[in-house]
Enquirer: 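This is the structure I want to talk about, given as structure tokens.
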Amino acid sequence: MGSWRKGLSILKTWFTMVTFGYYPCTSLIRGFCRIGKTKKATRVMEILEESGAVPDVITYNVLISGYCKSGEIHNALKVLDRMSVAPDVVTYNTILRTLCDSGKLKQAMEVLDQQLQKECYPDVITYTILIEATCKESGVAQAMKLLDEMRTKGCKPDVVTYNVLINGICKEGRLDEAIKFLNYMPSYGCQPNVITHNIILRSMCSTGRWMDAEKLLSEMLRKGCSPSVVTFNILINFLCRKGLLGRAIDILEKMPKHGCTPNSLSYNPLLHGFCKEKKMDRAIEYLEIMVSRGCYPDIVTYNTLLTALCKDGKVDIAVEILNQLSSKGCSPVLITYNTVIDGLSKMGKTERAMQLLFEMRERGLKPDIITYSSLVGGLSREGKVEEAIKFFKDLEGSGIRPNAITYNSIMLGLCKARQTDRAIDFLVYMVSKGCKPTESTYTILIEGLAYEGFTKEALDLLNELCSRGVVKKSSAEQVVVRF
DNA sequence: ATAGGGTTAG
């Protein structure tokens, strides 16, 4: 028996016991919405309305929110139009949030107009939602106009409003302005919080301003603004990218002193850093440390380790780990399969890689162009260029659009098979399909020519492409060395 | 209603 049937039978009981009450119905609607059964929720609402009861605004809000969560904006708007009581600010905020999240700012502004006409006054949340979307779609300058509007209407911006704006300013690459804004906040009657600082900190790190980041962190501590796990993760991530793993570890180990427990986002960049330095033993050491502290590896941890294993030639171990992932409560994702498929393809085990392609499809994972490019590359490298081309054609037939990397792999295969003429035909085909050749495309073809003995032609072409700026001088030198 | 989401192909 389906759970909704059980729900409806409970509803009938309620109707006999509680005469036309709507409170139990709200719970029922909420329950159906939570499990995505919006149709059943709507049916409950209809029964309630038909019974002669007047549902209150909360019941309507629950249903509207359910529609929004299942992506049925159209139905949410339909309920808004037809509801038998006046919508409140929560109703509008729910709908505006969903419209903004799906990039429909224009429609959101129309709903705001409708809201104002009905004299339902927008609150700080309403404006913050719209300011955030405006930052993303039209830029901060436009969003500032909304800030002015909310102030003139007597609605006071709060820390979230300012955070949204500061984030927008940072994303527009104007970090110094964002810092000014942060410093002005107290004079607007609003204290910056940890999120404000994290936004600025992240921007400082991603623009390489490490000294400023360190200064801001100590300022936070001095002002009594406690850092969060995110604060530390921002710093760890930056240090690991710079290869400063020792300093990253220092920060990670200091986190508990500040009341923060490192999570997988704290450990993963460190593992990645060790793997990049080919220090697998240290990566494993930190894996063990994180587990011993109760922080379990997530799929990104596994993907990082699988990548390192494949690069290290230990692809069989990678396959073994992939097989065991599900039993460890961590389901492989597209990137997991791509990693192992690529590893197998590079080791000349394309057949096994193909098996994984079918396995991932069976699991409901949709291969992407990276999956296919790895397989095309594997077939080409194994000298099975005809098979590679057939696979390529099948892809095109099923609506997958190959990119430059896919084309380059085929061309490389053809050149290695001393069929540079066919590779050139393929270049023509690539261009006709609207795919722009890359520097690699040209160097593959030039090396193909040289390989077949047309050294002079290859050099001439190389010079020609160099003078046209299509191939960089440094790349050209590398090509000549390989002749 | 705001910040960290890291990991894959030539």
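Labels below follow one simple rule: chain letters A, B, ... track the order of the sequence lines, proteins then strands, and each chain is numbered from 1.
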Enquirer: At the 4.0 Å heavy-atom cut-off to chain A, mark where contacts on DNA chain B begin and end, going 5' to 3'.
Expert: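 First-to-last contact on DNA chain B, by the 4.0 Å heavy-atom rule, is dA1(B) to dG10(B).
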Enquirer: With a 4.0 Å cut-off on heavy atoms, is S264(A) in touch with a base, just the backbone sugar-phosphate, or nothing at all?
Expert: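 It contacts base atoms.
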Enquirer: What pairs with E149(A) under salt bridge (Lys or Arg N to Asp or Glu O under 4.0 Å), at least two apart in sequence or on another chain?
Expert: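 For E149(A) the salt bridge (Lys or Arg N to Asp or Glu O under 4.0 Å) partners, ignoring immediate neighbours, are K153(A).
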Enquirer: Using side chain to side chain contact (heavy atoms under 4.5 Å, CB included) as the criterion, list what pairs up with I195(A), not counting sequence neighbours.
Expert: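 Listed in chain order: N163(A), N193(A), I199(A).
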Enquirer: Between E386(A) and K390(A), is there a salt bridge with N-O shorter than 4.0 Å?
Expert: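 Salt bridge flag = no for E386(A) with K390(A).
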Enquirer: Answer with base, sugar-phosphate or nothing: what part of the nucleic acid does N233(A) contact at a heavy-atom distance below 4.0 Å?
Expert: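 Answer is base: heavy atoms of N233(A) come under 4.0 Å of a base.
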Enquirer: Does anything in residues 293-301 of chain A reach DNA chain B, meaning a heavy atom under 4.0 Å, and if so which residues?
Expert: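 D298(A), V300(A), in order of number.
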Enquirer: Determine the contact category for N263(A): base if any of its heavy atoms lies under 4.0 Å from a base atom, sugar-phosphate if only primed atoms, P, OP1 or OP2 are that close, otherwise nothing.
Expert: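 Counting heavy atoms under 4.0 Å across all strands, the contact made by N263(A) includes a base.
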Enquirer: Please indicate whether K69(A) has more than 12 foreign heavy atoms, meaning atoms of other residues, nucleotides or ligands, lying under 6.0 Å from its NZ.
Expert: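 No, NZ of K69(A) has 12 or fewer neighbouring heavy atoms, counting only those of other groups under 6.0 Å.
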Enquirer: Can you name the salt bridge (Lys or Arg N to Asp or Glu O under 4.0 Å) partners of K473(A), sequence neighbours left out?
Expert: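 Salt bridge (Lys or Arg N to Asp or Glu O under 4.0 Å) list for K473(A), sorted by chain: empty.
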Enquirer: Can you sort out the partners of Y60(A) under side chain to side chain donor-acceptor pair (under 3.5 Å), two or more places apart, ordered by chain and number?
Expert: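 In terms of side chain to side chain donor-acceptor pair (under 3.5 Å), with neighbours along the sequence ignored, Y60(A) is linked to E49(A), S84(A).
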Enquirer: Are R247(A) and E214(A) ion-paired here, with the side-chain N under 4.0 Å from a carboxylate O?
Expert: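 The answer is yes: the pair qualifies as a salt bridge.
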Enquirer: Can you list the residues that meet the ring-ring contact (aromatic ring centres under 6.0 Å, His included) rule with Y407(A), with sequence neighbours excluded?
Expert: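 For Y407(A), the residues satisfying ring-ring contact (aromatic ring centres under 6.0 Å, His included) (neighbours in sequence not counted) are F392(A), F426(A).
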Enquirer: Students often get this wrong, so: under 4.0 angstrom with heavy atoms, is L265(A) touching a base, only sugar-phosphate, or nothing?
Expert: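 Answer is base: heavy atoms of L265(A) come under 4.0 Å of a base.
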Enquirer: Just jot down the ring-ring contact (aromatic ring centres under 6.0 Å, His included) partners of F274(A), sequence neighbours excluded, or say none.
Expert: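 Testing F274(A) for ring-ring contact (aromatic ring centres under 6.0 Å, His included), a comparison that skips the adjacent residues, returns none.
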Enquirer: Quick check on contacts: within residues 188-198 of chain A, what sits under 4.0 Å from DNA chain B by heavy-atom distance?
Expert: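 Within this stretch, I195(A), N198(A) sit under 4.0 Å of the strand.
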Enquirer: Classify the nucleic acid contact of K276(A) as base, sugar-phosphate or nothing, counting any heavy atom under 4.0 Å across all strands shown.
Expert: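 Nothing, no heavy atom under 4.0 Å.
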Enquirer: Taking the six-membered ring of Y188(A), is the NZ or CZ of R151(A) close enough (under 6.0 Å from the centre) and on axis enough (within 45°)?
Expert: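 Yes - R151(A) lies over the ring of Y188(A), closer than 6.0 Å to its centre and within 45° of its axis.
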Enquirer: Could you list the residues that satisfy side chain to side chain donor-acceptor pair (under 3.5 Å) with D368(A), not counting sequence neighbours?
Expert: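 Expected list: N338(A), T371(A).
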Enquirer: Name the nucleic acid region contacted by N93(A), choosing base, sugar-phosphate or nothing; use a 4.0 angstrom heavy-atom cut-off, strictly under.
Expert: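 Counting heavy atoms under 4.0 Å across all strands, no contact is made by N93(A).
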Enquirer: Can you tell if the side chain of C225(A) reaches within under 4.5 Å of the side chain of H197(A), non-hydrogen atoms only?
Expert: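 Heavy-atom side-chain distance check passes, below 4.5 Å.
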Enquirer: Checking all strands, does N268(A) fall into the base, sugar-phosphate, or nothing category for heavy-atom contacts under 4.0 angstrom?
Expert: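 Contact class for N268(A): base.
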Enquirer: Please list, chain by chain and in numerical order, all residues satisfying side chain to side chain donor-acceptor pair (under 3.5 Å) with E387(A), sequence neighbours excluded.
Expert: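 Listed in chain order: nothing, the list is empty.
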Enquirer: Does anything in residues 210-230 of chain A reach DNA chain B, meaning a heavy atom under 4.0 Å, and if so which residues?
Expert: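 Contacting residues: S228(A), V229(A), V230(A).
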